[in-house]
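The sequence lines fix the lettering, A, B, ..., with proteins before strands; numbering per chain opens at 1. This structure is a prediction, so every number in the text was calculated from the model and none was measured.
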Amino acid sequence: MPEMPEVEVVRRQLESHILHKEIESIELLHPKITRKNPEFREALVGDTFIAITRIGKLLTFQFKHYHGFMLGHLKMTGQFIYADNQGQIGGGHSLTKADFNLPHKHTRVIFHFKGNSTLYFNDMRLFAYLQLVTPDEKESIWAGYGIEPGTENYTWENFEKIFDRRKTSIKALLLNQKVVSGLGNIYVDEACYRAKVLPFRTVDTLKKSEKKELFKHCSEVMMESIARGGTTFYQVISPDGKKGNFSDELEVFDRAGQPCYKCGNIISKIKHAGRGTHFCSTCQK
DNA sequence: GACAGTGTTTACTC
DNA sequence: TGAGTAAACACTGT
């Protein structure tokens, strides 16, 4: 599910719940999640999370003692859920881990903290991972990411350069994490709609004014989504067990066959760049 | 029951 | 090097 706004919401909630808590034990329920690293548990038990950062959709955890990082990627269906020592999800509202049947058959890793709180890492499809890396590995992985909305390197000067010598489609370019980091299928479709460009156009046909619109809306759509807790369709994704409500703001994604809010034309859906792609053929050129 | 589709990324082609 | 496709997997919806 998650794109950058959803991962950022997860990061913030994890930060508020698990920092400075000592890891008492770890249950590894599926070897693939930790990339079959036999030292995973041994490396982290007794240690403490001290920082959680993010680049694009990649979470990066830092520890008090372990000299290295744990990278966490949710891919399509990964989720973290936190339960406090009373079993309350997110540490104190009406939901409990019984409401989520935790742990369940898709729970892959469980962190037990001193004081009896728990962090569950669930993933249905087994694409997600929690991986230990050295500081050098972390640096080189981070260096591979493109410019990211909401950070200082997301400037018009840098954005304009991503179109140089490229002939791929707008959608394929914006989905490429090495070029722009954080955008996924939902927000690319939404940004193209707001910028009034068709996502399958090749980037060499874009006018400067259109590139400027994309620059603006790629960032705006993600910032608005973070403010609303992200986009959630049918799975709860955040450690607090709460749903984001940015799905109420989606103008084209998942709206195939329904009328465009601006012109009333029916929203189209095609497959492009290997992904479901939504657009209004009247509003977007 | 079979099969297409799913929000990500990467390895593999050409 | 860039671009397109399939595959990793387990579900849901038709």
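For the pair A:R166 CZ and C:dA3 C1', the interatomic distance rounds to 10 Å; values are reported in whole Å. Summarising the geometry, the separation between CZ on A:F127 and P on B:dT6 is reported as 14 Å, rounded to the nearest angstrom. We find that CG of A:L175 is positioned 10 Å from P of B:dG7, with the value rounded to whole Å. As rounded to whole Å, 10 Å separates atom C1' of C:dA10 from atom CG of A:D123. Protein atom CD1 of A:I33 is 12 Å distant from nucleotide atom P of C:dC9, rounded to whole Å.
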(Q) Pair A:R228, A:E249 - check salt bridge (Lys or Arg N to Asp or Glu O under 4.0 Å), show working. (A) CA-CA 10 Å; A:R228 300 203 46 170; A:E249 304 301 316; 2.3 Å; yes

Q: Would you please test A:Y193 and A:F253 for ring-ring contact (aromatic ring centres under 6.0 Å, His included) and show each step?
A: CA-CA 9 Å; A:Y193 176 80; A:F253 192 88; over 10 Å; no

Q: Take A:E213 and A:H217 through the test side-chain hydrogen bond (donor to acceptor under 3.5 Å, both in side chains) and record every step on the way to the result.
A: CA-CA 6 Å; A:E213 285 296 298; A:H217 291 294; 3.2 Å; yes

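Here the side chain of A:T151 pairs a donor or acceptor atom with the backbone of A:E148 at under 3.5 angstrom. Not one N or O on the side chain of A:N265 forms a donor-acceptor pair closer than 3.5 Å with the backbone of A:C260.
When heavy atoms are screened at a 4.0 angstrom cut-off, A:K269 is found touching the sugar-phosphate backbone but no base atom. Residue contacts for A:G184: at a heavy-atom cut-off of 4.0 Å it reaches the sugar-phosphate backbone alone, with no base atom in range.
C:dA3 and B:dT13 make up a base pair, with Watson-Crick or G-U wobble contacts both under 3.5 Å. Figure legend. C:dC9 is base-paired to no nucleotide; pairs are counted as Watson-Crick or G-U wobble with both atom distances under 3.5 Å.
Just one of A:K196, A:R194, A:R201, A:K216 meets the salt bridge (Lys or Arg N to Asp or Glu O under 4.0 Å) condition when paired with A:E210; it is A:R201.
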What pairs of nitrogen or oxygen atoms, one from the protein and one from nucleotides 10-14 of chain B, lie under 3.5 Å apart?
none

